[in-house]
Amino acid sequence: MQNEYQFETIEKKWQKRWQDSGLYSVDIEKSDRKLYCLVMFLYPSGDKLHIGHWYNYAPTDSWARFKRMQGYQVFEPMGYDAFGLPAENYAIKKGVHPKKSTENNIRFIREQLKALGAMYDWDKEINTSDPGYYKWTQWMFLQLYKHNLAYRKKAAVNWCPSCTTVLANEQVIEGQCERCESEVETRDLEQWFFKITDYSERLLEGHDRIDWPEKTITMQKNWIGKSTGALIGFPLADADDIIQVFTTRPDTVYGVTYMVLAPEHPLVAKITTAAHQQDVKAYIERTRRTKEIDRLSTEREKTGVFTGSYCLNPVNNKRVEIWIADYVLVTYGTGAVMAVPAHDQRDFEFATRYGLEIIQVISPHGKPTSEALECAFEDPGIMIHSGTFDGTPSVQGKQAVIDYLQQNGWGEAKINFRLRDWLISRQRYWGAPIPIVYCDTCGETPVPEKDLPVLLPDQVEFSGQGQSPLSTNPDFVNTTCPTCGGPARREVDTMDTFVCSSWYFLRFPNPHLSDKAFDPEIIKKWLPVDQYVGGSEHANMHLLYARFFTKALYDFGYINFDEPFTRLVHQGIITNAGAKMSKSRGNVVNPDVYVEKYGADTFRVYMMFMGSYEEGGDWNDEGIIGINKWIKRVWRLIHQINDQPPQGNENDRFKIVLRQMHYAIKMIGIDMERFHFNTCISRIMELINEMYLYIQDVPVAEQNATLIDVMHTLVKLLAPFTPHLAEEVWHELGNSSSVFDVSWPEYDEEQLTLDTIQMGVQINGKIRAQMQFSADASDQEIIEATTADDKVQKYMEGKKIVKSFVVKNKLVILVVK
RNA sequence: GCCGAGGUGGCGGAACUGGUAGACGCACUGGACUCAAAAUCCAGCGUAGCUCAAACUACGUGCGGGUUCGACUCCCGCCCUCGGCACCA
């Protein structure tokens with residue numbers, strides 16, 4: 001036995017032995033008590049593994065090890081989300097082919113990952129940029145295409161001039177590119193979309209069946225943005241067309257004083273009268289030039305112009321002006337809004353600015369307000385100036401008006417969603433090619449499944465000029481039509497990398513299948529993922545897309561579940577001096593330095609002990625030395641006991657140690673379930689402190705011999721947190737099997753109470769004394785003993801006890817008057 | 001502006017369904033060991049008052065109120081920090 005803990009040799013030794021013995025390779029065929037524990041896989045950019053990765057992976061691995069010891073068959077895989085922009089940008093800058101740089105990064109990162117000492121089943125590693133994988137990403141595309149969930153349309157899209165590609169709405173943050181923070185422009189392009197909007201309702205419904213953080217579910221709900229209201233048709237006064245509007249306030253329809261179309265609305269050209277042609281044209285031009293970010297700003301004053309045309313309010317035949325204004329978005333609802341300035345703040349501001357009429361149709365008390373409104377009245381109230389609806393409470397008025405509109409053929413009830421279809425085309429090279437060809441005779445044609453994968457060619461030019469790099473390789477572009485055999489062109493855009501990650505959890509259990517994406521039998525056994533852990537920033541992207549894919553695959557009959565991740569936990573963010581760590585800020589903390597200096601076990605424990613896992617916190621390495629010392633202290637304790645084994649049967653002091661042990665087992669069990677790692681470590685620290693006091697205060701010859709058993713339990717408790725140290729010690733103690741193959745210790749509730757208990761005596765809410773009681777004393781006895789006490793009597797002089805009771809093992813409560 | 005989370009010692013953070021606030025650790029101080037230092041082991045450590053000391057008392061979980069025998073925990077009104085959404089009709 002060594003005196004000092006040598007983490008360098010011990011950690012390497014066990015990492016190698018674990019791998020050689022295949023300890024963590026899961027037999028996928030056996031799935032009883034299966035537990036699929038997944039962390040969001042890696043995006044292998046040049047940054048390598050940073051603190052955030054460690055924080056995601058190491059504590060989750062401790063959780064998985066804990067579950068394994070509880071008897072679960074834990075499957076914990078790792079892989080690489082290897083397609084994506086950084087590799088390609090690096091190629092443009094340094095001239096290194098993305099394939100090469102990605103390979104290099106992965107090779108390096110794999111080693112870093114191994115240093116973590118996690119239970120990853122390396123036989124199941126996947127790489128989304130491997131043709132063996134993206135073949136099936138393309139297959140997924142074809143399934144969606146077959147079921148009309150993938151379509152192409154010309155659309156105004158978000159264009160990042162720096163990344164030279166389009167972005168999904170989710171990737172645009174405050175009008176800027178999520179990745180490079182450039183201002184996003186609007187361009188009209190033919191693009192591929194996935195029809196996620198078909199699943200809006202079901203994506204909401206599924207929330208009730210998953211154990212996810214409430215805030216994540218709320219974020220998704222808000223993002224999907226369901227709103228209930230009505231679709232109302234306003235016929236043009238002097239032409240045939242009808243302007244459809246969506247409103248959540250059909251009860252205010254009598255208050256419509258004008259109509260607003262989005263500048264991009266298709267009817268604008270048709271209805272603009274000659275006299276207003278010039279103004280309207282100028283306004284549209286101006287809108288187009290306005291940057292997305294400015295247009296989205298709510299602070300900006302609302303502007304618009306009159307088109308010269310009128311439409312008729314179906315309920316009262318009122319003639320209302322039709323305006324265009326950029327506060328109306330063409331992408332939401334019908335791109336047109338019925339303006340009710342009295343009851344909508346935006347319409348109110350617009351009407352005030354342009355001197356448009358304001359008619360009050362909802363009032364708090366059922367009578368018109370005498371003075372002019374200062375702002376819109378948006379609360380519910382009583383309907384007025386609304387024909388036969390006068391006097392109806394607006395809440396009921398909503399449905400009543402809808403019924404009325406419906407009876408007359410003017411409108412209908414309608415549910416609208418904020419969610420838009422998922423734009424997946426990227427004008428970039430490093431992604432999975434979209435398996436579509438364009439034939440002059442047959443048109444848009446999907447590549448037959450048997451011809452997959454559509455291989456990504458190595459030879460392309462990275463112009464960075466906005467044109468898809470694949471278009472620069474004629475051998476790739478020119479092909480033959482799978483239907484007619486005539487000449488055809490391949491689609492040159494690639495898929496958003498979020499497509500690759502929308503189904504990867506189905507690939508992990510069977511990564512080497514060459515004839516299908518996944519084996520339905522295996523998937524049936526191992527999915528859904530029991531525990532998923534990753535950052536909350538993916539709430540409206542990856543986590544939504546993966547749910548959409550799962551529901552689609554369920555509908556196609558490939559899988560028998562429709563929610564991919566049963567339980568989800570987000571790790572918090574580790575900041576540096578309050579700022580988010582990022583390469584551009586240059587404040588990224590490199591975990592390798594600490595792993596080299598203190599070892600993986602120390603680093604793991606430190607990350608877990610730092611604070612609340614789900615809240616994260618600011619990075620500060622001051623305490624890490626303390627954890628390192630603690631780990632050495634643990635090592636010394638175990639060796640000290642083992643070198644001088646206890647011989648006697650001392651019991652009074654030993655009971656305290658025993659109680660601490662049972663308490664630790666109990667609390668760690670509870671806290672691990674909740675991902676409260678910091679308190680788990682505290683409980684082990686307490687046990688170790690108690691054990692030290694014991695061997696110090698009680699001579700070896702008297703020490704209770706069963707202290708050895710406590711020590712074995714201690715090693716088991718340590719195992720999930722310090723896997724290398726625990727495994728080493730476990731073997732030193734004479735065990736031949738892995739500590740991860742033994743079962744988690746159980747606690748005895750009876751051992752948690754000591755013979756005598758100290759309780760506080762609370763008189764009128766204040767602690768006034770501390771008293772000892774035997775554990776089996778009745779409440780009656782305790783209260784009697786308390787009231788007889790001198791100190792307590794002092795507070796009761798001349799007063800009567802009104803109420804008295806005992807909070808078990810804690811307090812004696814006396815209320816006196 | 002809207003939605004969500006959070007504000008506790010010098011610091012990181014505990015506290016289950018309202019029941020002894022500050023577990024555990026860092027830093028600091030003292031003791032033991034040592035010729036000495038480091039390492040280690042042990043002890044102390046919210047603030048103020050009183051005291052040689054022990055004890056005791058008051059105050060104390062962002063601020064101001066409230067409910068309760070009793071509030072970090074529940075209710076009302078504010079302030080600040082962080083995350084998300086942002087003209088969604």
Side-chain angles (χ1 to χ4, degrees), chain A residues 4 173-174 213-219 221-223 225-227 229 245-249 252 260 295-300 302 325-329 331-340 343-347 349-350 416-420 536-537 539-540 570 572-573 575 578 580 606 609-612 614-618 620 622-627 629-630 632-633 636 667 670-671 674 676 678-686 688-689 692-693 695-697 758-770 791 802-808 810-817:
Chain A
E4 188 66 1
I173 313 291
E174 290 181 2
E214 202 48 54
K215 71 165 186 177
T216 310
I217 289 182
T218 306
M219 275 163 72
K221 279 192 172 142
N222 293 341
W223 187 261
K226 178 177 178 173
S227 50
V245 299
F246 172 72
T247 178
T248 55
R249 294 295 303 272
T252 64
V260 197
R295 185 165 170 188
L296 284 173
S297 164
T298 39
E299 315 290 299
R300 199 167 65 102
K302 293 171 186 27
D326 64 7
Y327 78 89
V328 174
L329 307 172
T331 46
Y332 182 78
T334 61
V337 167
M338 63 177 218
V340 186
H343 305 291
D344 182 287
Q345 188 56 27
R346 295 155 303 181
D347 298 342
E349 287 166 23
F350 192 80
N416 214 21
F417 294 94
R418 205 192 82 116
L419 186 69
R420 298 179 208 170
S536 62
E537 68 273 18
N540 292 337
H570 296 303
I573 296 169
T575 52
K580 218 172 183 167
Y606 185 59
F609 190 62
M610 267 171 54
S612 157
E614 287 170 273
E615 277 167 36
D618 205 46
N620 177 343
E622 260 177 39
I624 195 167
I625 182 97
I627 297 297
K629 283 181 182 175
W630 179 72
K632 290 179 185 163
R633 178 174 156 92
R636 274 192 305 273
M667 294 314 289
I670 293 170
D671 285 344
R674 303 188 297 172
H676 288 194
N678 51 344
T679 46
C680 292
I681 307 290
S682 294
R683 297 294 88 79
I684 300 179
M685 285 174 168
E686 284 165 354
I688 281 168
N689 290 348
Y692 257 106
L693 289 181
I695 58 168
Q696 180 179 287
D697 293 353
Q758 179 171 304
M759 296 208 276
V761 183
Q762 202 180 62
I763 303 166
N764 288 350
K766 293 201 165 168
I767 304 290
R768 295 300 185 185
Q770 291 288 337
K791 227 191 241 162
V802 207
K803 209 199 269 183
S804 62
F805 59 96
V806 175
V807 180
K808 202 172 181 322
K810 286 184 176 167
L811 285 176
V812 185
I813 312 272
L814 300 175
V815 182
V816 301
K817 256 189 182 157

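As the structure is a computational prediction, the values presented were derived from the model and not from experiment. Numbered from 1 within each chain, the chains take letters A, B, ... in sequence-line order.
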Taking only the [atom1] atom of each, what is the distance from [N] to [M] in whole angstrom?
{"N": "B:A32", "M": "B:A15", "atom1": "P", "answer": "38 Å"}
{"N": "B:G46", "M": "B:A23", "atom1": "P", "answer": "9 Å"}
{"N": "B:A21", "M": "B:A58", "atom1": "P", "answer": "13 Å"}
{"N": "B:U8", "M": "B:U47", "atom1": "C1'", "answer": "14 Å"}
{"N": "B:U34", "M": "B:G44", "atom1": "C1'", "answer": "23 Å"}
{"N": "B:C85", "M": "B:G66", "atom1": "P", "answer": "41 Å"}
{"N": "B:G7", "M": "B:U73", "atom1": "P", "answer": "11 Å"}
{"N": "B:G10", "M": "B:U29", "atom1": "C1'", "answer": "14 Å"}

Value in whole Å for how far the [atom2] atom of [N] lies from [atom1] of [X]:
{"X": "A:Arg633", "N": "B:C24", "atom1": "CZ", "atom2": "C1'", "result": "12 Å"}
{"X": "A:Ile573", "N": "B:G83", "atom1": "CD1", "atom2": "P", "result": "7 Å"}
{"X": "A:Ile688", "N": "B:G25", "atom1": "CD1", "atom2": "C1'", "result": "13 Å"}
{"X": "A:Lys632", "N": "B:C41", "atom1": "NZ", "atom2": "C1'", "result": "16 Å"}
{"X": "A:Lys580", "N": "B:C82", "atom1": "NZ", "atom2": "P", "result": "13 Å"}
{"X": "A:Ile763", "N": "B:G70", "atom1": "CD1", "atom2": "P", "result": "14 Å"}
{"X": "A:Glu214", "N": "B:G84", "atom1": "CD", "atom2": "P", "result": "19 Å"}
{"X": "A:Ile624", "N": "B:C11", "atom1": "CD1", "atom2": "C1'", "result": "16 Å"}

Identify, between A:Arg249 and A:Gly616, the residue whose nearest nucleotide on RNA chain B lies closer to the 5' end.
A:Gly616
Report the residue (A:Thr218 or A:Asn620) whose heavy-atom-nearest nucleotide on RNA chain B is the more 5′ of the two.
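Going by which nucleotide is closer to the 5' end, it is A:Thr218.
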For [X] and [N], is the shortest distance between a side-chain N/O and OP1 or OP2 below 4.0 Å?
{"X": "A:Arg418", "N": "B:C85", "result": "no"}
{"X": "A:Arg683", "N": "B:A15", "result": "no"}
{"X": "A:Asn222", "N": "B:G84", "result": "no"}
{"X": "A:Tyr692", "N": "B:C41", "result": "yes"}
{"X": "A:Arg636", "N": "B:A39", "result": "no"}

Could you give the distance from [atom1] ([X]) to [atom2] ([Y]), rounded to the nearest 0.5 Å?
{"X": "A:Arg633", "Y": "A:Ile688", "atom1": "CZ", "atom2": "CD1", "value": "7.5 Å"}
{"X": "A:Ile627", "Y": "A:Met685", "atom1": "CD1", "atom2": "CE", "value": "4.0 Å"}
{"X": "A:Arg636", "Y": "A:Glu4", "atom1": "CZ", "atom2": "CD", "value": "6.5 Å"}
{"X": "A:Phe805", "Y": "A:Leu811", "atom1": "CZ", "atom2": "CG", "value": "8.5 Å"}
{"X": "A:Met610", "Y": "A:Asp618", "atom1": "CE", "atom2": "CG", "value": "8.0 Å"}
{"X": "A:Ile763", "Y": "A:Ser804", "atom1": "CD1", "atom2": "OG", "value": "11.5 Å"}

Steps toward side-chain contact (heavy atoms from CB on, under 4.5 Å) verdict (A:Met759, A:Val806)
CA-CA 9 Å; A:Met759 296 208 276; A:Val806 175; 4.3 Å; yes
Looking only at heavy atoms, the pair that brings A:Ser227 and A:Tyr332 closest together is OG-OH, 3.0 Å
Heavy-atom pair of closest approach, residues A:Asp671 and A:Arg674:
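So the minimum-distance heavy-atom pair works out to OD1-NH2, 2.7 Å.
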Look at all strands and tell whether [X] reaches a base, only sugar-phosphate, or nothing, counting heavy atoms closer than 4.0 Å.
{"X": "A:Gln762", "result": "base"}
{"X": "A:Lys810", "result": "base"}
{"X": "A:Gln696", "result": "sugar-phosphate"}
{"X": "A:Thr331", "result": "nothing"}
{"X": "A:Ser536", "result": "nothing"}
{"X": "A:Gln758", "result": "base"}
{"X": "A:Asn689", "result": "sugar-phosphate"}
{"X": "A:Phe805", "result": "base"}

What nucleotide, of [options], holds the atom closest to the side chain of [X]?
{"X": "A:Ser612", "options": "B:A14, B:C69, B:G19", "value": "B:A14"}
{"X": "A:Ile813", "options": "B:A15, B:A39, B:C69", "value": "B:C69"}
{"X": "A:Ser682", "options": "B:U20, B:C24, B:A43", "value": "B:C24"}
{"X": "A:Lys302", "options": "B:C87, B:C3, B:G19", "value": "B:C87"}
{"X": "A:Asn678", "options": "B:G19, B:G25, B:G13", "value": "B:G13"}
{"X": "A:Phe609", "options": "B:C42, B:G12, B:G13", "value": "B:G12"}
{"X": "A:Lys629", "options": "B:U40, B:C69, B:A14", "value": "B:U40"}
{"X": "A:Glu686", "options": "B:U20, B:A86, B:A23", "value": "B:A23"}

Could you summarise the pairing of RNA chain B as dot-bracket text, marking Watson-Crick and G-U pairs under 3.5 Å with ( ) or [ ] inside the strand and | across strands?
(((((((..(((......[....))).(((((.......))))).((((......))))..(((((..]....))))))))))))....
Scan nucleotides 54-61 of chain B nucleotide by nucleotide, 5' to 3', and note B when protein non-hydrogen atoms come under 4.0 Å of the base, S if they reach only the sugar-phosphate, - if neither.
--SSSS--
Answer syn or anti for B:G9, where the cut-off is 90° from 0 on the glycosidic torsion.
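B:G9: syn glycosidic orientation.
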Any side-chain to backbone donor/acceptor pair from [X] onto [Y]? Under 3.5 Å, distance only.
{"X": "A:Tyr327", "Y": "A:Phe350", "value": "no"}
{"X": "A:Asn764", "Y": "A:Val816", "value": "yes"}
{"X": "A:Asp347", "Y": "A:Val340", "value": "yes"}

With side chains defined as the heavy atoms from C-beta onward, is the minimum distance between A:Lys803 and A:Ile813 less than 4.5 Å?
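Sidechains of A:Ile813 and A:Lys803: no contact.
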